[in-house]
J.: 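Encoded as structure tokens, here's the structure I'll be asking about.
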Amino acid sequence: MIDEFAKDNLHGRPRRDRETLLWKLDGLSEYDARRPLTATGTNLLGLDKHVATVEATYFGEVFDRPSPEPLPRWQDHDGSDQWATEDETRDQITGFYRRTWEHSDATINELPLDAPGHVPWWPEPCPNTNLFAIMVHVLGETRHAGHAGILREGLDGRTGVRAEHEKQIDEEARAAYRAKIEQAARSAAPIKA
């Protein structure tokens, strides 16, 4: 009973965050969905592609349940899972992500938490693991939903976790709140002339 409770709770957060990652693309131009928004090139469509690749790999290869999607070999990882090439469409990437959910969910639903897995890219003594540990590991990847939220806010001010919770932007209230925080920061650390 505790195993099913744990599995359901560990599985619930990635399910919610998957939808959030896709929602952060809604209404964006191709350029805004793809453009690098940090010094390291982080972008919204790339976050979706990356998390899809992580799920496909960890819930596939690790449990000898290869993803039906073509994936680069882990030995060849070069960071290309973190951005969209000009030849990849948004629909291709989001479709890959949605199909990956089905494959990941099947692995999670069909295996017990103590099902053995093997992560060849993890150093000794850690490559032999189980579904519980992989679910916790992949849960850490859902932090990218928060990254996506920050990136989207920087693009057009939209915030929130899900569309149904989004509120109309009150520019005046937002500016007053930001000014309050700015004043607190300045008061705590006066700027030297």
J.: If you count heavy atoms of other groups shown closer than 6.0 angstrom to CD of E171, is the number above 12?
T.: yes
J.: Run the side-chain contact (heavy atoms from CB on, under 4.5 Å) check on T20 and R152 step by step: do they pass?
T.: CA-CA 11 Å; T20 298; R152 182 63 190 252; over 6 Å; no
J.: In the hydrophobic cluster built from side-chain contacts under 4.5 Å, what are the other members alongside L155?
T.: L21, L22, L25, L28, L37, L44, L45, L47, V51, I93, Y97, W101, L151
J.: What do you reckon, is CG of N109 surrounded by more than 12 foreign heavy atoms closer than 6.0 Å?
T.: yes
J.: Starting at CZ of F63, measure out to OG of S104 and round the result to the nearest 0.5 Å.
T.: 10.5 Å
J.: Would you mind listing every salt bridge (Lys or Arg N to Asp or Glu O under 4.0 Å) that reaches into residues 126-145, with sequence neighbours excluded?
T.: E141-R143
J.: How long is the span from the OG1 atom in T100 to the CD atom in E69, to the nearest 0.5 Å?
T.: 5.5 Å
J.: Could you tell me if the side chain of F59 sits less than 4.5 Å from the side chain of V138, heavy atoms only?
T.: yes
J.: Kindly assign one of parallel, tilted or perpendicular to the pair Y58 and H137, based on the angle between their ring planes and the thresholds 30° and 60°.
T.: tilted
J.: Quick check: do I108 and K7 have side-chain heavy atoms less than 4.5 Å from each other?
T.: yes
J.: So do E86 and R34 actually touch side chain to side chain, heavy atoms under 4.5 Å?
T.: no
J.: Against I134, only a single residue in V119, L111, L10 fulfils side-chain contact (heavy atoms from CB on, under 4.5 Å); can you say which?
T.: V119
J.: Hey, are the side chains of E61 and P66 touching, using non-hydrogen atoms and a 4.5 Å cut-off?
T.: no
J.: Can you tell if the side chain of R158 reaches within under 4.5 Å of the side chain of W23, non-hydrogen atoms only?
T.: yes
J.: Under the salt bridge (charged side-chain N to carboxylate O under 4.0 Å, His left out) rule, collect the residues that match up with R18, sequence neighbours excluded.
T.: E55, D105
